Each structure stands twice: as structure tokens, then as C-alpha cells.
Novice: 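To start, I am sharing the structure in question, which I have written as C-alpha cells.
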Amino acid sequence: MRTGDELPPLEIPITRTLIVAGAIASRDYQDVHHDPELARQKGSPDIFMNILTTNGLVGRYITDHFGPRTVLRKVAIRLGAPNYPGDTMVLTGTIEALQDTTATVRIVGTNGIGNHVTGTVTFSMRDAE
């Protein structure tokens, strides 16, 4: 692992089930995350993913790549274009900084209309037990 290394992309199909399940799991019961008609009444073309689901998917991207010894220390993300059902989000990452067993990865998640999420994840590697 070196600064500048790129992680392989992860494609995540954005389904209604993923959006609704993520909202329920994070106890986010706002109607724009589960009720298409109310989402349209509020100006959205459909339901859309909440930030907590995105945050979890970003964490998964890092832990899936670096393995079970990965300990997330800081996830700092910002949302942009919404994730709507029927689209695909593609997560990519670049190692931005390394110090001992700690690394920071710049994350970008894109969908069909732009950047859904941008930010950084700082993590460390636990010693093998």
C-alpha cells in the first residue's frame, strides 16, 4: 500500500429495497426515503438514499478491500447528487496519506447524474491476534 494507489471500483445497484432497508436500519423514517408519492410532492422525482446508508456503504467499501483487521477511525463525507432507485453507484478510492498502520483514503461515489458522495476515510489496521 502506497500513497497514490487506487482501490478497485465497487458497483452498488441502487434498489428500492436498499434505500428503504437502509432508512429503516438507521431509524430514518422520513417519507422521502420510503414513499414515492410523498417524495414527489416534496419535489423529488422518487425516493432517495439517506446519508446514513451512504456512510455505511463507504465504510463497507474500505473494510471489504482492506479486510477484517480494518478499524475505521473517521469517516468524513458530503452528499451531492441523490441516489435514486434504478441507478448504480460506483465507489472509487485513492490512498491519500499513510503513517505507520494508519491510512486515509479519498472516496468518490458517482451515479448517473454526478457525484453522490465525496470525502475521506481514515482507518488503521489492528494487529493480528
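Worth saying up front: this structure is predicted, and the values here are computed from it rather than measured. Along the sequence shown, residues are numbered consecutively beginning with 1.
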Novice: Leu38 and Ile24: same hydrophobic cluster, using ILVMFWY side-chain contacts below 4.5 Å?
Specialist: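 Different clusters.
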Novice: Restricting to side chain to side chain donor-acceptor pair (under 3.5 Å), what partner residues turn up for Thr94, sequence neighbours left out?
Specialist: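 Counting only residues at least two positions away or on another chain, Thr94 forms no side chain to side chain donor-acceptor pair (under 3.5 Å).
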Novice: Tell me whether Arg126 contacts the main-chain N or O of Pro68 through its side chain, where contact means a donor paired with an acceptor under 3.5 Å.
Specialist: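 Judged by distance alone, yes, a pair lies under 3.5 Å.
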Novice: Regarding Thr122 and Thr104, do their side chains bring together a donor and an acceptor under 3.5 Å, going by distance alone?
Specialist: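 Yes, because at least one side-chain N or O of Thr122 sits under 3.5 Å from a partner of the opposite role on Thr104.
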Novice: Do Val121 and Met1 share a hydrophobic cluster (ILVMFWY, side-chain heavy atoms under 4.5 Å, transitive)?
Specialist: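 Linked within one cluster.
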Novice: Hydrophobic cluster membership, with links at side-chain heavy-atom distances under 4.5 Å among I/L/V/M/F/W/Y: are Val117 and Val90 in one?
Specialist: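 No, Val117 and Val90 fall in different hydrophobic clusters.
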Novice: Can you confirm whether Arg27 sits close enough to Leu52 that some side-chain heavy atom of one is under 4.5 Å from a side-chain heavy atom of the other?
Specialist: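 Answer no - side chains too far apart.
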Novice: Which pair of non-hydrogen atoms, one from Arg16 and one from Asp46, has the smallest distance, and what is that distance?
Specialist: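 Nearest heavy atoms, Arg16 then Asp46: NH2-OD2, 2.6 Å.
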Novice: With side chains defined as the heavy atoms from C-beta onward, is the minimum distance between Val32 and Ser44 less than 4.5 Å?
Specialist: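 They are not in side-chain contact.
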Novice: For residues 74-102, pull every pair meeting salt bridge (Lys or Arg N to Asp or Glu O under 4.0 Å), keeping only residues two or more places apart or in separate chains.
Specialist: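 Residue pairs passing salt bridge (Lys or Arg N to Asp or Glu O under 4.0 Å), neighbours aside: Glu96-Arg106.
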Novice: When you look at Leu79 and Met49, which way does the side chain to side chain contact (heavy atoms under 4.5 Å, CB included) test go after all the steps?
Specialist: CA-CA 10 Å; Leu79 292 184; Met49 185 176 285; over 6 Å; no
Novice: If you take all heavy atoms of Ile113 and Pro82, which pair is closest and at what distance?
Specialist: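 Smallest interatomic distance, heavy atoms only, reads CD1-O, 3.8 Å.
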Novice: Please determine, by modelled atom types, if Asn50 and Ser26 share a side-chain donor-acceptor pair under 3.5 angstrom.
Specialist: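 Checked: Asn50/Ser26 side chains pair up, N/O donor to acceptor below 3.5 Å.
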Novice: State, to 0.1 Å, how close Pro85 and Thr15 come at their nearest heavy-atom pair, and which atoms those are.
Specialist: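 For Pro85 versus Thr15, the nearest heavy atoms are CB-C, 4.5 Å.
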Novice: Does any non-hydrogen side-chain atom of Ile19 lie less than 4.5 Å from one of Asn83?
Specialist: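 Contact flag for Asn83/Ile19 side chains = no.
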Novice: Which side-chain N or O atoms in residues 60-67 pair as donor and acceptor under 3.5 Å with protein atoms at least two apart or in another chain?
Specialist:
residue: Arg60; atom: NE; partner: Asp64; partner atom: OD2; Å: 3.1
residue: Tyr61; atom: OH; partner: Pro8; partner atom: O; Å: 2.9
residue: Tyr61; atom: OH; partner: Gly93; partner atom: N; Å: 3.1
residue: Thr63; atom: OG1; partner: Gly59; partner atom: O; Å: 3.2
residue: Thr63; atom: OG1; partner: Arg60; partner atom: O; Å: 3.3

Novice: Are Ile77 and Phe123 in one and the same hydrophobic cluster, where Ile, Leu, Val, Met, Phe, Trp and Tyr link if side-chain heavy atoms are under 4.5 Å apart?
Specialist: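 In one cluster with Ile77: Phe123, yes.
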Novice: Rounded at 0.5 Å granularity, tell me how far CD1 in Ile47 sits from CD in Glu37.
Specialist: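 Ile47 atom CD1 to Glu37 atom CD measures 13.0 Å (nearest 0.5 Å).
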Novice: Suppose we screen for ring-ring contact (aromatic ring centres under 6.0 Å, His included). Which residues come up paired with His33, at least two apart in sequence or across chains?
Specialist: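 His33 satisfies ring-ring contact (aromatic ring centres under 6.0 Å, His included) with Phe48 only.
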Novice: Can you confirm whether more than 12 heavy atoms, excluding those of Gln41, are under 6.0 Å from its CD atom?
Specialist: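 Counting other residues, nucleotides and ligands, CD of Gln41 exceeds 12 neighbours.
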Novice: Rounded to the nearest 0.5 Å, how far does CE of Met125 lie from OG1 of Thr101?
Specialist: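 It is 8.5 Å, given to the nearest 0.5 Å.
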Novice: Taking only residues two or more places apart in sequence, or in another chain, which ones meet Thr110 in a side chain to side chain donor-acceptor pair (under 3.5 Å)?
Specialist: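 Scan of Thr110 (side chain to side chain donor-acceptor pair (under 3.5 Å), adjacent residues dropped) gives none.
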Novice: Using the side-chain contact (heavy atoms from CB on, under 4.5 Å) definition, which of the options Leu91, Val75, Leu57 pairs with Ile107?
Specialist: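 The single option meeting the side-chain contact (heavy atoms from CB on, under 4.5 Å) with Ile107 is Leu91.
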Novice: Kindly write out the residues that satisfy side chain to side chain donor-acceptor pair (under 3.5 Å) with Thr92, not counting sequence neighbours, or none if the list is empty.
Specialist: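 Once residues adjacent in sequence are excluded, Thr92 has no partner under the side chain to side chain donor-acceptor pair (under 3.5 Å) criterion.
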Novice: Side-chain heavy atoms under 4.5 angstrom apart, residues restricted to Ile, Leu, Val, Met, Phe, Trp, Tyr: same cluster for Ile14 and Ile51?
Specialist: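 Ile14 and Ile51: one cluster.
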